[in-house]
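Right, one structure below, let's go through it.
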Amino acid sequence: MEKIKSLSEQFKSDINANPISDQWFCADPTAVEFEGRLYVYGTNDHQQYEKTEKNTYEVIKSFQVFSTDDMVNWRYEGIVDVESIAPWVYAAWAPSICKRVEEDGLTHFYLYFSNSGYGVGVLTATNPLGPWTSPLDRSIVDQKTPGLEGVPAPFDPGVCIDDKGTGWLTFGGGTNGSDAMPGTMRIVRLGKDMVSLDSEIVPIKAPYSFEASELNFINGTYVYTFNSNWVERSEWTLEAPKSTSCSMCYMTTKTPLDTDSWVYEDDYFSNPGLFGMEYSNNHTHYEKFNGKWYLFYHAMILQKSFGSEGGFRSLCVNELEVDEKKVKINRCTGNYKGVSAIKNHDVREITPFSEIFNSREISFERNEESGLMAVSGDVDGAWLQLKNGDFGSGCTKLSAIVKGKGKITFRKDSLEGKIIGVIQGKGETFEKVETVLEEEIKGIHNLLIVFEGNILGDSYSFQ
């Protein structure tokens, strides 16, 4: 049997919140809040990792999805299988999502994505977890769209909805000019249905632009961000400081269809290689959640622990300072530590086993009854960790919904910590199992949950 790594030996230590998942390679993040949870979507690099030694992207046709309400424990929600929803796609990368309450009273979600380098596709749903549908049988924009003859790669969408409820879409990539002004970034106003175009397609004059469009609306201002290229900044006539190679930069305007109104402001996130990580491409999304701004990005900080150097990326998050009054995005530093929890996790409420801070040697399987991703151990001793479990004034019982005949052991604070309780599986269908704890447990503790035998855990709660 393989020796299971302890917390101290594990790549993601007990003090590091990055990457948000140590199970999956994932990149190009986007996010949306719904009913108190933040949902994060990203390019499913793991789909490529399972097929090839090098990340060449061409087999990726799905997105990984995670959610959180405390910013450190991340629930694995599974994938958006774009290929099955929109079989016309060449590939699916770099999602960008927005939401709007429509006339039917429901919140509708619009998920735009790169259809390879050919164009931009869109999926729709009335729940952040789907089911998703493809309202078109083609890309919303592509290389054949009138007005895009000079844009070799109209991909990497960025979407926002302004204070009037109007949707806007940015995209672009490649070169149709000089290295200093590639001339291939574009913006268009979306139709009321969010899947049609309602204006001419207008250039954004983004200096040294490369890819990774993003669009936000902050305090009456449209904020466009992009990834700059690797070329030396030999031509620079702007008053703002020169951007660094392959960094994330931003521009602002109040009149997005006026090409000359866009003002280059600065870069705000350098290449991860300048933060002591590996150099890679760069793609970010910034999101305000519970009153704080966060910068989501990817970095190749997990691949070597998988024995790979093929360019497989992992999602990370750090706090970001945004001056909303002045619409200024301050520089952010990427690191392994990441963010702190914004609240403790109440384990007296039903908690999916897929709600995870850290883990080792676990697998996931959809429980169609609950809709959750249930968890099993690949080998005896496999484990997962939940941070900051809140037991309140005291708990004496534990219940869990499980399937199989193995057992799941709950330990307090560490893998060597005191056993709190043990759940023993009883059968081949999901059922609720209850046990009395070894002793009453109070206050805030990390949970280490260890799997042995053939057992699948759906969810648990303490009483």
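A distance of 6.0 Å or more separates the ring centres of Y250 and Y264. Remark: aromatic rings of Y294 and F289 are distant, center separation not under 6.0 Å. Here Y112 and F171 keep their ring centres 6.0 angstrom or further from each other. You'll find the ring centres of F364 and F353 outside the 6.0 Å limit. Y76 and W24 have their aromatic ring centers within a separation under 6.0 angstrom. Between F306 and F312, a ring centre-to-centre spacing not shorter than 6.0 Å is recorded. Remark: aromatic rings of F113 and W93 are distant, center separation not under 6.0 Å.
Under the 3.5 Å distance criterion, with hydrogens and angles disregarded, a donor-acceptor pair is assigned to the side chains of Q303 and E278. Inspection of the N282 and S247 side chains reveals no N or O donor paired with an N or O acceptor under 3.5 Å. D413 and H445 share a donor-acceptor pair across their side chains, judged by distance under 3.5 Å alone. Residues S359 and Q385 bring no donor and acceptor atom of their side chains to less than 3.5 Å of each other. In summary, the side chains of Y268 and T284 do present a donor paired with an acceptor at a separation below 3.5 Å, with no hydrogens or angles considered. The closest side-chain donor-acceptor pair between S21 and Q23, if any, does not fall under 3.5 angstrom. Remark: the N176 side chain and the T184 side chain contain no N/O donor-acceptor pair separated by less than 3.5 Å. For the residue pair N55/D45, the side-chain donor-acceptor check at 3.5 Å is satisfied.
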Requested in this report: In sequence, state the C-alpha distance, the side-chain angles, and the governing distance for V322 and L320, and then conclude on side chain to side chain contact (heavy atoms under 4.5 Å, CB included).
Outcome: CA-CA 6 Å; V322 177; L320 179 70; 3.7 Å; yes

Query raised in the report: Step by step, would you call F217 with Y224 a ring pair (Phe, Tyr, Trp, His ring centres under 6.0 Å)?
Result: CA-CA 9 Å; F217 185 76; Y224 172 66; over 10 Å; no

Requested in this report: Kindly indicate, with the supporting measurements, whether the criterion side chain to side chain contact (heavy atoms under 4.5 Å, CB included) is fulfilled by N18 and V317.
Outcome: CA-CA 7 Å; N18 281 331; V317 60; 4.1 Å; yes

Requested in this report: Could you give me the CA-CA distance, side-chain angles and deciding distance for M300 and M277, then say whether side chain to side chain contact (heavy atoms under 4.5 Å, CB included) is met?
Outcome: CA-CA 7 Å; M300 296 188 301; M277 304 172 183; over 6 Å; no

**Report entry** side chain to side chain contact (heavy atoms under 4.5 Å, CB included) between L386 and V347, intermediate numbers included
**Finding:** CA-CA 10 Å; L386 182 90; V347 294; 3.7 Å; yes

**Report entry** Worked check of side chain to side chain donor-acceptor pair (under 3.5 Å) between S213 and D156
**Finding:** CA-CA 6 Å; S213 289; D156 278 13; over 6 Å; no

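When the ring pair (Phe, Tyr, Trp, His ring centres under 6.0 Å) test is applied to W262, no partner is found at least two apart in sequence or on another chain.
Here the straight-line distance linking atom CZ of F210 with atom OH of Y208 works out to 15.0 Å at 0.5 Å rounding. Here the straight-line distance linking atom CH2 of W293 with atom OH of Y286 works out to 7.5 Å at 0.5 Å rounding. Note that the CG atom of D69 and the CG atom of N290 stand 8.5 Å from one another [nearest 0.5 Å]. Taking NE2 of H108 as the reference point, atom CD of E102 lies at 5.5 Å (rounded to 0.5 Å). With values rounded to the nearest 0.5 angstrom, D267 atom CG is found 5.5 Å from S243 atom OG. Note that SG of C98 is 4.0 Å distant from CD1 of I161, once rounded to the nearest 0.5 Å.
Counting heavy atoms from C-beta outward, V151 and R186 have side chains that approach closer than 4.5 Å. Y222 has its side chain within reach of D162: a pair of non-hydrogen atoms, C-beta onward, lies under 4.5 Å apart. Taking the side chain as every heavy atom from C-beta outward, T30 and F63 never approach each other to under 4.5 Å. Within the 4.5 Å cutoff, the side chain of M251 has heavy atoms near those of the F226 side chain. With a 4.5 Å cut-off on side-chain heavy atoms, I449 and T409 do not count as touching.
Because its NZ or CZ atom is both nearer than 6.0 Å to the ring centre of F357 and within 45° of the ring axis, K387 counts as a cation-pi partner of that residue. Cation-pi contact between R313 and F25: absent, since separation from the ring centre below 6.0 Å together with deviation from the ring axis within 45° is not met.
The pair K61-D81 fails the salt-bridge criterion, with no side-chain N (NZ, NE, NH1 or NH2) lying under 4.0 Å from an Asp/Glu carboxylate O. Classification of E319 and K292 as a salt-bridged pair holds, one side-chain N sitting under 4.0 Å from a carboxylate O. Ionic pairing of K343 and D390 is not present here: no N-O contact between side-chain nitrogen and carboxylate oxygen is shorter than 4.0 angstrom. Salt bridge E33/K99: present, at least one basic N to carboxylate O contact under 4.0 Å.
In this structure, R233 contributes its side chain and V231 its backbone to a donor-acceptor pair below 3.5 Å. The backbone N or O of D198 sits less than 3.5 Å from a side-chain atom of R189, completing a donor-acceptor pair. Side chain of T170 to main chain of G158: a donor-acceptor pair is present (N/O by atom type, distance under 3.5 Å, no hydrogens or angles). Within the 3.5 Å criterion, the main-chain N or O of T145 finds a donor-acceptor partner in the side chain of D142. E369 places no side-chain N or O within donor-acceptor distance of the main-chain N or O of F430, the cut-off being under 3.5 Å. A donor-acceptor contact shorter than 3.5 Å links the side chain of Q48 to the backbone of V59. In terms of modelled atom types and a separation under 3.5 Å, the side chain of R75 and the main chain of I356 share no donor-acceptor contact. Side chain of N216 to backbone of I218: no donor-acceptor contact under 3.5 angstrom is found. Between the side chain of S96 and the main chain of V159, a donor-acceptor pair closer than 3.5 Å is present. Without hydrogens or angle criteria, D70 side chain to N73 main chain gives a donor-acceptor distance under 3.5 Å.
The minimum heavy-atom distance between N318 and N335, with the atom names listed, is ND2-OD1, 2.9 Å.
By the 30° and 60° cut-offs, the orientation of the rings of H283 relative to H298 is tilted. Using the six-membered ring where Trp is involved, F296 and H285 have ring planes that are tilted, between 30° and 60° apart.
More than 12 heavy atoms of other residues, nucleotides or ligands lie within 6.0 Å of CD in E58, so this atom counts as buried by the packing criterion. Heavy-atom neighbours of E324 CD from other residues, nucleotides or ligands within 6.0 Å: above the threshold of 12.
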Solution key, residues 37-44 side-chain donor-acceptor pairs under 3.5 Å, sequence neighbours excluded:
residue	atom	partner	partner atom	Å
R37	NE	S67	OG	3.1
R37	NH2	S67	O	3.2
R37	NH2	S67	OG	3.0
R37	NH2	E355	OE2	3.4
Y41	OH	P128	O	2.7
T43	OG1	D28	OD2	2.7
T43	OG1	A94	N	2.8
N44	OD1	H46	N	3.3
N44	OD1	Q47	N	3.3
N44	OD1	Q64	NE2	2.9
N44	ND2	S62	OG	2.8

